[in-house]
Amino acid sequence: MELNLCMDDLQKYVLEHPLPIEAYFTLVEATANVVAVSEKYWQVHGLNGARIRVLVEIAKQGGEILPSILAEKIGVTKANISLLLLPLEKDGYITRAGHWQDGRKTVISITAEGRSLLLEHLPDNRLAVAEKMNKLDAEEQRQLIQLLNKLNR
């Protein structure tokens, strides 16, 4: 009897959501669906979306970044950033060098090969994502951006 009561309570908790929780789960599901479009593109081309994200972030910062700042920008730990950087360095997409002012620090730089990779693939990747996002009209996309910015503040 107690096990059934506990399971009934659990079922009620996981199946019945107040509006804010329903909105949260809908946002998570929509995000996962859009991210899957991008990830599928990278996989089809033999690339790793997380590594591409690292290259994009380095490019956004002008081509150089400290590993600690990079980790913060993409939301991973400093230990995990090292794991993401190793294959990129091995493949020649990034280099590591001592900081020009503080030799104790390392600077990560995107190479010409890394820039080439992004220039080759980002346009088609962005088209695939835009196709998914174009299920919303332009006004709906603007509203979505406003709402998401509000959540981010």
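All residue numbers in this chain count up from 1 along the given sequence.
- The CG atom of L86 sits 8.0 Å away from the CD1 atom of I94 when rounded to the nearest 0.5 Å.
- No single ILVMFWY cluster, assembled from side-chain heavy atoms under 4.5 Å apart, contains both V37 and L127.
- In terms of heavy atoms, L66 sits closest to T106 at CD2-O, 3.4 Å.
- Summarising the geometry of Q141 relative to L136, their closest heavy-atom pair is NE2-O, 2.8 Å, with the distance given to 0.1 Å.
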*What do the steps show when you test I52 against N125 for side chain to side chain contact (heavy atoms under 4.5 Å, CB included), and what is the final call?*
CA-CA 11 Å; I52 296 296; N125 174 265; over 6 Å; no
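- More than 12 non-hydrogen atoms from other residues, nucleotides or ligands lie less than 6.0 angstrom from CD of E139.
- Summarising the geometry of L85 relative to R96, their closest heavy-atom pair is CB-NH2, 3.5 Å, with the distance given to 0.1 Å.
- Scanning both residues, R115 and I110, for their nearest heavy atoms gives NH1-O, 3.3 Å.
- S109 meets the side-chain contact (heavy atoms from CB on, under 4.5 Å) test with E64, T95, V107; sequence neighbours excluded.
- N48 places a side-chain N or O within donor-acceptor distance of the main-chain N or O of A50, the cut-off being under 3.5 Å.
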*Might you work through the side chain to side chain contact (heavy atoms under 4.5 Å, CB included) test for Q61 and K73, ending with a clear yes or no?*
CA-CA 10 Å; Q61 300 300 314; K73 294 268 183 200; 3.6 Å; yes
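- The line from CG of L151 to CG of L27 is 7.0 Å long, rounded to the nearest 0.5 Å.
- Atom CD of Q143 sits in a crowded spot, with more than 12 heavy atoms from other residues, nucleotides or ligands closer than 6.0 Å.
- Interatomic distance, R51 CZ to W42 CH2, rounded to the nearest 0.5 Å: 13.0 Å.
- Contact between N80 and V76 at its shortest, heavy atoms only, is CB-CB, 4.0 Å.
- Note that OG of S38 is 10.0 Å distant from CD of Q43, once rounded to the nearest 0.5 Å.
- Here the straight-line distance linking atom CD1 of I81 with atom CD1 of I69 works out to 11.5 Å at 0.5 Å rounding.
- No chain of hydrophobic side-chain contacts below 4.5 Å, direct or via other Ile, Leu, Val, Met, Phe, Trp or Tyr residues, connects L47 to V129.
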_Assess the residue pair N33 and E29 against the criterion (side chain to side chain contact (heavy atoms under 4.5 Å, CB included)); give the C-alpha distance rounded to whole Å, side-chain angles, the decisive distance to 0.1 Å, and a yes or no._
CA-CA 6 Å; N33 287 330; E29 184 178 5; 3.9 Å; yes
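- Hydrophobic clustering of Ile, Leu, Val, Met, Phe, Trp and Tyr side chains at less than 4.5 Å, counting indirect connections, keeps V35 apart from V56.
- In this structure, E89 CD and T111 OG1 are separated by 10.5 Å, a value rounded to the nearest 0.5 Å.
- Closest of all the heavy-atom pairs between S68 and K78 is CB-CE, 3.8 Å.
- Between the side chain of E140 and the backbone N or O of D137 there is at least one donor-acceptor pair closer than 3.5 Å.
- Hydrophobic clustering keeps L122 apart from M133 (ILVMFWY residues linked when any side-chain heavy atoms are closer than 4.5 Å, directly or through intermediates).
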